[in-house]
**Student:** 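Got a structure for you, written out below as structure tokens; questions coming shortly.
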Amino acid sequence: VKDVRLSVKLNRGHDNLDTFGDSRIELVPSDMSTEQLADWHHSIDVYADGSTFEGWGMFPCNSIASGRPVIGTYYGGHREYFRFGNHVSIGYNVELADDIYAQTGGAWAVPDHSDGVEAMRWCYDNQADVKQMGQRAAKSVLHLTWKNTALGVLDALSRHGVIE
């Protein structure tokens with residue numbers, strides 16, 4: 001397929017990825033301003049998240065808020081904002097963590113990469129549906145504001161008798 005682009009947002013320490021000489025693969029630097037990140041989120045059609053676990057998942061959430069659906073696992077922090085119609089869920093296997101989190105018995109959701117590839121193909125073949133999914137996605141997270149977060153914390157503290 002010639003009319004696709006893979007835009008890979010790099011993390012610090014992972015700036016030397018091989019693009020295999022494929023001009024369709026764009027490497028996006030790790031350090032970007034807020035405006036540059038917003039522009040990047042708006043430049044993509046769908047955000048493919050291959051992470052093994054997210055306590056929240058700021059990039060997927062930002063993509064959804066930008067009107068871009070997410071391909072990813074319905075696991076961990078994603079469950080806070082993945083809703084029907086705002087993402088394409090892919091399969092995963094739960095495996096014990098292999099880093100510092102292993103010391104506490106932590107586990108990861110290792111994405112099924114074949115599912116991810118199929119989800120990307122589906123998005124390519126159903127671009128009008130993906131655009132509509134993105135419109136629903138942006139609306140699905142409007143309630144995720146700092147004010148609502150603060151009110152939720154205050155409510156929880158009140159319910160537990162910490163404050164009156």
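Keep in mind it's a predicted model, so treat the numbers as computed, not measured. All residue numbers refer to positions in the sequence shown, counting from 1.
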**Student:** Under 4.5 Å between any side-chain heavy atoms of K9 and L37, yes or no?
**Tutor:**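 With C-beta onward as the side chain, the pair touches.
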**Student:** Could I get the full list of side-chain hydrogen bond (donor to acceptor under 3.5 Å, both in side chains) partners for D22, not counting sequence neighbours?
**Tutor:**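 Partners of D22 under the side-chain hydrogen bond (donor to acceptor under 3.5 Å, both in side chains) test: R24.
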**Student:** Please say whether more than 12 non-hydrogen atoms of neighbouring residues, nucleotides or ligands are located less than 6.0 Å from NE2 in H143.
**Tutor:**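 Atom NE2 in H143 is crowded, with more than 12 foreign heavy atoms closer than 6.0 Å.
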**Student:** Taking all heavy atoms of I71 and all of A119, pick out the closest pair and write down the distance.
**Tutor:**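 Nearest pair, atom of I71 first, then A119: CG2-CB, 3.7 Å.
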**Student:** Between CH2 of W108 and OG1 of T52, what distance do you get to the nearest 0.5 Å?
**Tutor:**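 Here the interatomic distance stands at 5.0 Å.
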**Student:** Testing the basics here: between S89 and Y74, what is the closest heavy-atom pair and its distance to 0.1 Å?
**Tutor:**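 Nearest heavy atoms, S89 then Y74: OG-CB, 3.7 Å.
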**Student:** If you measure from NE2 on H42 to OG on S63, what distance do you get to the nearest 0.5 Å?
**Tutor:**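 Separation between the atoms: 9.5 Å.
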**Student:** Taking C-beta and beyond as the side chain, do W40 and V28 meet within less than 4.5 Å on heavy atoms?
**Tutor:**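 W40 reaches V28 side chain to side chain.
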**Student:** Can you tell me how far OG of S51 sits from CG of N11, rounded to the nearest 0.5 angstrom?
**Tutor:**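 Reported value, rounded in 0.5 Å steps: 10.0 Å.
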**Student:** Measuring from atom CD1 of I44 to atom OG of S66, what distance do you get when rounded to the nearest 0.5 angstrom?
**Tutor:**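 OG of S66 is found 8.0 Å from CD1 of I44.
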**Student:** Can you name the side-chain hydrogen bond (donor to acceptor under 3.5 Å, both in side chains) partners of D98, sequence neighbours left out?
**Tutor:**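 D98: no side-chain hydrogen bond (donor to acceptor under 3.5 Å, both in side chains) contacts found.
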**Student:** Can you name the side-chain hydrogen bond (donor to acceptor under 3.5 Å, both in side chains) partners of R83, sequence neighbours left out?
**Tutor:**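 So R83 forms no side-chain hydrogen bond (donor to acceptor under 3.5 Å, both in side chains) with any residue.
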**Student:** Evaluate the side-chain proximity of V94 to Y75: yes if any heavy-atom separation is below 4.5 Å, no if none is.
**Tutor:**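 SC-SC contact between Y75 and V94 confirmed.
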**Student:** Rounded at 0.5 Å granularity, tell me how far CE in M133 sits from CG in D129.
**Tutor:**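 So the gap between those two atoms works out to 7.5 Å.
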**Student:** Could you check whether any side-chain heavy atom of N93 comes within less than 4.5 Å of a side-chain heavy atom of D112, counting everything from C-beta outward?
**Tutor:**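 Side chain of N93 against side chain of D112, heavy atoms only: no contact under 4.5 Å found.
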**Student:** Supply the atom-to-atom distance K2 NZ to S23 OG, rounded to the nearest 0.5 angstrom.
**Tutor:**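 Separation between the atoms: 8.5 Å.
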**Student:** Donor-acceptor pair, distance only, cut-off 3.5 Å: does the side chain of N126 make one with the backbone of W122?
**Tutor:**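 The answer is yes, because a donor-acceptor pair under 3.5 Å joins these two groups.
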**Student:** Is it possible for you to say whether L154 and V162 belong to one hydrophobic cluster, with membership spreading through side-chain heavy-atom contacts below 4.5 Å?
**Tutor:**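 Both belong to a single hydrophobic cluster.
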**Student:** Any side-chain heavy atom of Q135 sitting closer than 4.5 Å to one from K139?
**Tutor:**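 With C-beta onward as the side chain, the pair stays apart.
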**Student:** Does CE in M58 sit with more than 12 non-hydrogen atoms of other residues, nucleotides or ligands closer than 6.0 Å?
**Tutor:**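 Atom CE in M58 is not packed in, count stays at 12 or less.
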**Student:** According to a hydrophobic-cluster definition based on side-chain heavy atoms being under 4.5 Å apart (Ile, Leu, Val, Met, Phe, Trp, Tyr only), do V70 and M120 belong together?
**Tutor:**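 Different hydrophobic clusters.
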**Student:** For the residue pair V88 and P69, establish whether any side-chain heavy-atom pair is separated by less than 4.5 Å.
**Tutor:**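 In short, these two side chains do not touch, never coming nearer than 4.5 Å.
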**Student:** Should the pair F59 and H41 be assigned to parallel (<30°), tilted (30 to 60°) or perpendicular (>60°) ring geometry?
**Tutor:**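 Rings of F59 and H41: tilted, 30 to 60°.
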**Student:** Side chains of I64 and F82: does their closest heavy-atom pair fall under 4.5 Å?
**Tutor:**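 Yes, close enough: below the 4.5 Å cut-off.
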**Student:** Please give me the minimum heavy-atom distance between S7 and E26, naming the atom from each residue.
**Tutor:**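 Shortest heavy-atom contact: OG-OE1, 2.7 Å.
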**Student:** Closer than 4.0 angstrom, basic N to acidic O: yes or no for R121 and D125?
**Tutor:**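 D125 and R121: not salt-bridged.
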**Student:** Quick one: does E118's side chain have a donor or acceptor within less than 3.5 Å of a partner on D115's backbone?
**Tutor:**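 Absent.
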**Student:** Linking I/L/V/M/F/W/Y whenever their side-chain heavy atoms sit closer than 4.5 Å, directly or via other members, would Y47 and L10 fall into one cluster?
**Tutor:**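 Y47 and L10: separate clusters.
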**Student:** If we ignore angles and hydrogens, is there a donor and acceptor under 3.5 Å between the side chains of H78 and D49?
**Tutor:**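 Indeed, the side chains of H78 and D49 share at least one donor-acceptor pair under 3.5 Å.
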**Student:** What I'd like to find out is whether the side chain of C61 reaches to under 4.5 Å of the side chain of L144, using heavy atoms alone.
**Tutor:**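 Yes, their side chains come closer than 4.5 Å.
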**Student:** Is the number of heavy atoms from other residues, nucleotides or ligands under 6.0 Å of D45 CG greater than 12?
**Tutor:**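 Counting other residues, nucleotides and ligands, CG of D45 stays at 12 neighbours or fewer.
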**Student:** Closer than 3.5 angstrom, by distance alone: can the side chain of S158 be matched with the main-chain N or O of D155 as a donor-acceptor pair?
**Tutor:**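 Such a contact is absent between S158 side chain and D155 backbone.
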**Student:** Any side-chain donor-acceptor pair under 3.5 Å between Y81 and N86?
**Tutor:**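 The answer is no; no qualifying pair exists.
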